[in-house]
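The next block holds one structure in the form of structure tokens; read it before the comments.
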Amino acid sequence: MADEKTAQPAIMMQFVNIDALIKGIQKNNDIEALAIFTKEMLCAISTTRNIAAHEYEELNFGAIEIAIRDYLPPLKKRIDEAIEAYYTNLKNQI
């Protein structure tokens, strides 16, 4: 997070990208994919995206570091579990 020229903008852009992907899932009404996320996760991602996109100059990177350390790992775990379950189910159908 100390790299203000490269790392910080790149990290914030990833929050924008994650939010865009989730919005696509919501638009397609993919209930199975949406079940991966809790309402709190969706709200936190959307809020972080809005801050990144509209309030970048006032951004508290300490809070972003906490989000990366504390909130993204559980989200990644849920996504990994959903992908594993999907492929296990697909394999069992063959």
Side-chain angles (χ1 to χ4, degrees):
M1 292 304 296
D3 180 357
E4 293 179 14
K5 285 191 165 205
T6 309
Q8 288 179 3
I11 289 167
M12 297 318 300
M13 193 61 199
Q14 292 310 308
F15 279 102
V16 172
N17 292 339
I18 291 167
D19 186 65
L21 291 168
I22 290 172
K23 294 287 189 266
I25 293 169
Q26 290 171 324
K27 182 180 177 185
N28 290 328
N29 200 28
D30 187 339
I31 303 299
E32 192 173 344
L34 284 173
I36 295 169
F37 309 100
T38 65
K39 288 181 182 181
E40 293 80 16
M41 287 176 175
L42 295 174
C43 182
I45 291 167
S46 181
T47 300
T48 305
R49 179 258 177 233
N50 289 339
I51 292 169
H54 303 293
E55 302 173 33
Y56 186 79
E57 295 299 320
E58 300 172 19
L59 196 56
N60 176 344
F61 281 98
I64 299 304
E65 187 173 347
I66 290 168
I68 292 168
R69 184 184 62 239
D70 296 343
Y71 298 109
L72 288 183
L75 176 59
K76 181 185 182 313
K77 182 179 181 214
R78 289 177 72 109
I79 292 169
D80 289 344
E81 288 170 350
I83 290 170
E84 183 178 336
Y86 172 80
Y87 283 112
T88 298
N89 187 35
L90 191 64
K91 184 179 171 183
N92 290 338
Q93 291 178 7
I94 297 177

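These numbers come from a predicted model, not from an experiment.
The cluster map of Ile, Leu, Val, Met, Phe, Trp and Tyr, joined by side-chain heavy atoms under 4.5 Å apart, puts I31 and I22 in different clusters. Cluster membership for I51 and L21, using ILVMFWY side-chain heavy atoms within less than 4.5 angstrom, is not shared. Taking hydrophobic clusters as Ile, Leu, Val, Met, Phe, Trp and Tyr residues chained together by side-chain heavy-atom distances below 4.5 Å, I18 does not share a cluster with M13. Hydrophobic clustering, with ILVMFWY side chains joined whenever heavy atoms are under 4.5 angstrom apart, groups I83 together with L90.
Looking at T48, its side chain does come within 3.5 Å of a backbone N or O of A44 through a donor-acceptor pair. Side-chain atoms of D19 do not come within 3.5 Å of backbone N or O of F15 as any donor-acceptor pair. Between the side chain of N92 and the backbone N or O of T88, at least one donor-acceptor pair lies under 3.5 Å.
Of all the heavy atoms in V16 and R49, the pair that sits closest is CA-CG, 3.7 Å.
Separating the CG atom in L42 from the NZ atom in K23 is a distance of 7.5 Å, to the nearest 0.5 Å. Separation of atoms CG (L75) and CG (D70) is listed at 13.0 Å; rounding is to 0.5 Å. The structure places CD of E84 at 11.0 Å from NZ of K77, a figure rounded to the nearest 0.5 Å.
With sequence neighbours excluded, no residue forms a salt bridge (Lys or Arg N to Asp or Glu O under 4.0 Å) with D30.
Hydrophobic clustering, defined by side-chain heavy atoms of Ile, Leu, Val, Met, Phe, Trp and Tyr closer than 4.5 Å, groups I66 together with Y71.
Using a 4.5 Å heavy-atom threshold, the side chains of R78 and T38 count as touching.
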